[in-house]
Amino acid sequence: MKKKVLAAGLTVAMCLSMAAPAMADIQIAFSQIGQESDWRTANTDSINGTIEAHEGWELIYDDAQQKQENQIKALRNFITQGVDYILFTGVVSTGWEEVLAEVNEAEIPLILIDRLPDCIDDIDYVAAFGGDFVEEGRRQVAWAGEYLKSVGRGEEEVNVVIMEGTTGASAQTGRTEGNLAALEEYPNMKLVGQQTGNFTRAEGQAVMESWLKSIDKIDVLIAQNDDMALGAIDAIKAAGLEPGKDIIIVGCDSVKAAFEAIVAGEMNATIECTPLYGPFVEETIEALENGEEMSKEVIHPEEGVYDMEGGIDLGTVTSVAAADVIDERIY
Ligand code: AHR
């Protein structure tokens with residue numbers, strides 16, 4: 001009889017433990033910008049996938065659909081919920097002082113990723129990780145300038161257009177700064193157009209269509225991300241021109257679709273900006289949970305440059321042929 005009661009008691013306890021959801025020890029909230037590009041999708045997958053796969057961690061995710069007001073609302077919701085960590089990247093770089101001060105007042109550790117806010121020096125954060133956007137922009141123009149030299153066109157006057165990302169995003173302001181500074185080094189490259197394509201394929205296509213109607217001759221397109229470059233390729237083909245030949249195209253991000261376009265001869269180069277922040281977020285939170293302190297220094301991942309044949313020397317990096325690495329690219 002005693003045995004039976006014990007067995008019944010055990011069964012009830014087992015059922016209860018199976019029914020009750022395991023309480024997550026750590027709630028990690030992520031305010032993401034939106035899903036404007038292949039890069040962004042890979043970034044979301046890397047971070048969310050890492051958190052979801054980690055035992056005892058719960059993800060609270062918000063997609064702001066490219067709107068700063070949605071991000072501010074999400075950050076305030078995270079504070080109200082009393083989450084344990086906040087991951088933040090800002091759609092634009094200004095206007096975050098107030099809400100990030102509220103995060104600091106709530107004493108929620110703030111991890112900055114990707115597009116860092118301008119007020120970074122006035123707020124408390126535990127770690128920061130993102131691309132070196134100025135260097136990426138410099139590499140874009142330097143790649144075109146060095147490539148032109150390598151094919152004997154270093155003295156030829158060429159017309160350049162710069163397709164910019166979302167206005168006011170640090171990825172746009174940084175890359176534009178790098179683009180313009182590098183153009184000073186190549187006097188044969190003349191800037192004839194500069195406009196935003198909002199980091200999307202559709203707008204990249206529309207902007208290129210209008211440039212092809214209004215600018216007599218375009219020799220080089222610098223697109224501040226690969227999605228806009230791929231949209232522009234569609235517009236160039238529709239206009240009866242050969243992308244990659246009639247117009248040299250340099251993108252940024254190094255997503256698989258850009259590697260495919262390079263291998264097909266329709267795009268010339270792409271500057272890498274890694275979206276794979278999951279491992280950084282995991283290491284950071286594990287270290288903080290173990291009582292370690294993180295450095296406040298912004299960490300820039302090591303990034304490459306990929307093109308048709310490789311071997312273009314940009315000072316800080318030498319390009320690698322996209323065909324040699326395309327199979328390893330997961331995004
Ligand atoms: O902030 C990184 C940039 O944002 C990527 O280059 C772009 O593709 C994305 O949308």
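Remember, it's 1-based here, ligands and their atoms both numbered in the order they're listed.
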- Query: For ligand 1, which atoms have a heavy atom of Arg115 less than 4.0 angstrom away?
  - Reply: 1 (O), 3 (C), 4 (O), 9 (C), 10 (O)

- Residue, atom and distance of the protein heavy atom nearest atom 9 (C) of ligand 1 read Glu36 OE2, 3.3 Å

- Ignoring angles and geometry beyond distance, decide whether Asn225 reaches within less than 3.5 Å of ligand 1 through its nitrogen or oxygen atoms. yes

- Message: So that I can tick it off, tell me whether Arg139 and Glu135 are bridged by a salt bridge, with the cut-off set at under 4.0 angstrom between side-chain N and carboxylate O.
- Response: yes

- Query: What part of Arg175, side chain from CB on, backbone N/CA/C/O, both or neither, has a heavy atom under 4.0 Å from ligand 1?
  - Reply: side chain

- Message: Under a 4.0 Å threshold between the charged nitrogen and the carboxylate oxygen, would Asp114 count as salt-bridged to Arg40?
- Response: yes

- Task: Using the side chain to side chain contact (heavy atoms under 4.5 Å, CB included) rule, take Ile60 and Ile28 through it: C-alpha gap first, then chi angles, then the decisive distance, then the call.
- Result: CA-CA 6 Å; Ile60 298 171; Ile28 303 161; over 6 Å; no

- Message: For atom 1 (O) of ligand 1, what's the nearest protein heavy-atom neighbour? Residue, atom name and distance, please.
- Response: Asp114 OD1, 2.8 Å

- Message: List ligand 1 atoms under 4.0 Å from Ser37, heavy atoms only on the residue side.
- Response: 7 (C), 8 (O), 9 (C), 10 (O)

- Message: Less than 4.0 angstrom from a charged side-chain N to a carboxylate O is my criterion; do Lys237 and Glu242 meet it?
- Response: no

- Item | Closest protein heavy atom to atom 5 (C) of ligand 1, given as residue, atom name and distance to 0.1 Å | Asp253 OD1, 3.4 Å

- Query: Looking only at heavy atoms, is any part of Ala171 under 4.0 Å from ligand 1, and if so is it the side chain, the backbone, or both, or is it neither?
  - Reply: side chain

- Lys/Arg-Asp/Glu bridge criterion (N-O < 4.0 Å) met for Arg115, Glu36: yes

- Does Asn225 reach the main-chain N or O of Phe199 with its side chain, forming a donor-acceptor pair under 3.5 Å? yes

